[in-house]
Amino acid sequence: MSILVDDDTRVVVQGITGGEGKFHAEQMIDYGTNVVAGAVPGKGGEEAAGVPVYDTVRGAAREEDADAAVIFVPPAFAADALFEALDSPVDLVVAITEGIPQQDMASVYKRLQETDTALVGPNCPGVITPGEAKLGILPGNIFSDGDVGLVSRSGTLTYQVVDSLTQRGIGQTTAVGIGGDPIIGTDFVGALERFEADPETEAVVMCGEIGGEDEEEAAHYIAENMDTPVAGFIAGRTAPPGKRMGHAGAIVGSSGAGTAESKINALNDAGVPVGDTPEEVADHIEGFL
Amino acid sequence: MKLHEYQAKGVFADAGIPTPASQLAETVDEAVDAAEDIGYPVAIKAQVQVGGRGKAGGIELVDDADEAREAAERIIGMDLKGLHVGSVLVEEAVDFTNELYLGVTMDRNEGRPVAMVSTRGGVDIEEVAAEDPDAIAREHVDPAFGLHPYQARRAVYDAGVDRDVAGDVASVLTTLYDLWDDRDATETEINPLMVTADDEVVAADAVMNIDEDALFRHPDLAEMEDETAGDELEAKANEYGFDYVRLSGNVGIIGNGAGLVMTTLDLVDYYGGEPANFLDIGGGAKAERVSNALDMVFSDENVDSVVFNIFGGITRGDEVAKGINTALEQFDEITKPVVVRLAGTNAEEGMEILNTELVEVEGTLEDAVQRAVERAQEVAQ
């Protein structure tokens, strides 16, 4: 079992004729992902990464039964690509694009609330169910099949933690990179709900960071609703207030909102151990299994 | 991107928001001339992009030319919270009976903009929000429709604004939202909006921050960016296209991916060191980017050692190692010890390739950070 994606997922890649879109579509296919089509306006009828390209996402979904879209579209056009995916039959959208204007995302977010579609991202590495499918840019070779779910706001931090787990022989059910932007689709709670419902996920790692209140909400959710044990990590303990630490969403307010301390305390209060180092997170997970 | 007060006031005034008469001055003589022109009393206000200017001595009210000269001499060129004051805004002093707060920002937890009004203007609104959240009236906005007129009115009435100025304040709030929306702002704020004895409203301060990811569609605003406004190294990082934040410690940090770089900073602290910076080199690590990153960190005189932590995903460790070797070979002398840790795809091959005459190599993140902290302590002694 897994969450969000598996070997039945049929993927359409928006922006498949661009440099990144093509490269990562090929990487996804090499990993075994069932990429069935591309969607690029004006390129209908062509072929890219060995799959047919359609002018519209709806066309790709109808003709190739695609049920998930991955978006590699430049930031200026990404909101339109997101609206198109949300107005198509696909029920999962994974947006990799970094740098989408915040107000564009607010409009997309509003539309998202009116649909049943799940959105992962934007500004994220994607979703991987090891051995089955990856939607995005995650390096498949560091993941292994197993019992631990992982949800993270950061790409390379995910890889670091997965590497620690994999070296101890601990594999993953699914890893979800939810993205580093202030406005995202699936948040921690959204991913944790799915892991809680997945019978194969025996433990969950959540990697948070400074900014916003998603981790605090997740702590509340875990305390109230989860039986599956969770271990956490929070990046940005040393971040100064008012400075954006790489991710658009990773910022502590000038009066101290969104600090690592607040998140760590909330998680500890919910009974979630938080590692001081990525290795300590792996220690906690090992203890759960 | 933050606009200076005088720039934001210009944008607000063009949109019809009442602002006091003012002139920008870069020299003491210009400031005195402006003050004479406007008529006393005037406020001399440091143009730096930081809150709490008044408390830090960056704003002074003056009554005549001598006082104006004295204040301008003191403020122009001063160091205010670490920022150099290059200019002052000379502004008509407004006689007020009340100070209001008006602001529009993105509520990230709701994924929607929020317009706010409070009668507790003139102080740090985040402090008000923390102490007494009910003192701020909030209206969440559906971006598809914008701020409805009834919402602007409701916010003003809920906040308890004096009825005689309620209509004018609602109108300013509507304009503030429209500016936020049209100009891709992350924040528009007037604090305080002064209410005068004869029921006029005047924006005595102006804050406008623009979403950097949206600057491509606002070339006029992009031109207003003051590259000298921040730290010198931060400006250089901007040029190189790095996400960089300068801190005060002595362990330089280079890595890839925001979360992992933040974690590296945290680990430096955890192992008893002090991080000097956040530098995200981004995807890939071609020799040019590596050498630019090293150049940045080496040119920070506080730095005593460097930890270089790359988790290769799609980028292969052997390619990163070649980039690091090539970059380091370009330096005549490596003045500060560099500790490298590579992980992920082809990391082992990468670590074999690394030129250990130029760098120290560690196998884990924890070991690399501890080594860099030790080296910094040795160098500092």
Side-chain angles (χ1 to χ4, degrees), chain A residues 23-24 27 75-76 99-107 109-110 112-113 125 137-139 141-142 152-160 163 180 182-183 207 209-214 217 233 235-240 243-250 253-257 260 276-279, chain B residues 50-51 106 108-113 124-127 129-130 141-144 180-181 184-186 211-214 216-217 243-249 255-263 265-270 274-275 278 280 283 310-315 343-345 364-366 369:
Chain A
F23 175 76
H24 288 291
Q27 295 276 320
I100 302 177
Q102 205 180 83
Q103 296 193 7
D104 291 8
M105 265 320 293
S107 299
Y109 189 78
K110 160 78 179 163
L112 180 67
Q113 311 303 307
I137 62 174
L138 305 125
N141 57 312
I142 63 166
S152 173
R153 278 168 71 183
S154 158
T156 47
L157 178 55
T158 306
Y159 311 160
Q160 171 72 38
D163 201 43
I183 301 177
C207 297
E209 62 190 34
I210 52 166
E213 291 170 13
D214 263 16
E217 282 172 20
F233 186 79
R237 296 170 191 229
T238 49
K243 295 281 186 181
R244 170 170 146 167
M245 304 297 276
H247 285 157
S254 53
S255 71
D276 285 327
T277 68
E279 282 299 322
Chain B
V50 64
M106 184 68 81
R108 58 188 285 179
N109 295 315
E110 294 274 335
R112 288 187 292 169
D124 183 349
I125 200 67
E126 289 198 38
E127 276 173 28
V141 183
D142 182 334
W180 183 89
D181 187 42
D184 272 300
T186 53
D211 181 358
E212 281 170 37
D213 290 331
F216 68 89
R217 51 191 179 205
D243 283 322
Y244 175 87
V245 175
R246 194 172 184 185
L247 296 142
S248 56
N256 66 329
L260 189 56
V261 179
M262 272 191 271
T263 300
L265 266 70
D266 295 350
L267 287 177
V268 166
D269 176 67
Y270 180 74
E274 285 182 58
F278 169 102
D280 181 357
I310 297 286
F311 202 110
I314 303 298
T315 314
T345 315
T364 70
L365 173 57
E366 286 81 358
V369 169

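Here is how names work: the chains are called A, B, and so on, in the same order as the sequence lines, proteins then strands, and each is numbered from 1.
The residue among A/Gly212, A/Ser107, A/Pro278, A/Pro240 with the most heavy atom pairs within less than 4.5 Å of chain B is A/Gly212. Counting heavy-atom pairs closer than 4.5 Å to chain B, the top residue among A/Leu138, A/Asp214, A/Leu112, A/Asn141 is A/Asn141. Taking A/Ala250, A/Gly249, A/Ser152, A/Ala260 one by one and counting their heavy-atom pairs under 4.5 Å with chain B, the maximum is reached by A/Gly249.
For a residue to count as touching a neighbouring chain, one of its non-hydrogen atoms must lie under 4.5 Å from one of that chain's; by this rule A/Ala76 touches chain B with backbone and side chain alike. The contact between B/Glu110 and chain A is made entirely by backbone atoms, counting heavy-atom distances below 4.5 Å. Neither the backbone nor the side chain of A/Pro125 has a heavy atom closer than 4.5 Å to any heavy atom of chain B. Only the side chain of B/Leu267 comes within contact range of chain A, with at least one heavy atom under 4.5 Å from a heavy atom of that chain. Both the backbone and the side chain of A/Pro182 come within contact range of chain B, each with at least one heavy atom under 4.5 Å from a heavy atom of that chain. Residue contact with chain B, scored on non-hydrogen atoms closer than 4.5 Å, involves the backbone of A/Ile100 exclusively. The contact between B/Asp213 and chain A is made by backbone and side chain atoms together, counting heavy-atom distances below 4.5 Å. Both the backbone and the side chain of A/Gln102 come within contact range of chain B, judged by heavy atoms closer than 4.5 Å. Only the side chain of A/Tyr109 comes within less than 4.5 Å of a heavy atom of chain B; its backbone N, CA, C and O stay farther away. Using a 4.5 Å cut-off between heavy atoms, B/Asp211 touches chain A through its side chain atoms alone. For chain B, the nearby parts of A/Asp276 are the backbone and the side chain; heavy atoms of each come within less than 4.5 Å. Of the atoms belonging to B/Tyr270, it is side-chain heavy atoms, and not backbone ones, that fall under 4.5 Å from chain A. Both the backbone and the side chain of A/Arg237 come within less than 4.5 Å of a heavy atom in chain B. When heavy atoms are compared at a cutoff of 4.5 Å, A/Gln113 does not approach chain B at all. Looking at B/Asp142, the atoms closer than 4.5 Å to chain A (heavy atoms on both sides) all sit in the side chain, from C-beta outward.
Between A/Gln160 and B/Thr263, the closest side-chain pair of non-hydrogen atoms is not below 4.5 Å. Proximity of B/Leu265 to A/Met245: side-chain heavy atoms (C-beta onward) are separated by under 4.5 Å at one or more points. Inter-residue side-chain proximity for B/Met262 and A/Ser154 is flagged as unmet; no heavy-atom pair is nearer than 4.5 Å.
The shortest heavy-atom contact between A/Pro101 and B/Ala214 is CB-CB, 3.8 Å. Scanning all heavy atoms of the two residues, the minimum distance from B/Met106 to A/Ala106 falls at CE-CB, 3.6 Å. Listed here is the closest heavy atom pair of A/Thr238 and B/Asp269: CG2-CB, 3.4 Å. B/Ala343 and A/Asp163 get closest at one heavy-atom pair: CB-OD2, 4.5 Å.
With hydrogens and angles ignored, the 3.5 Å screen pairs a side-chain donor or acceptor of A/Thr156 with a backbone N or O of B/Asn256.
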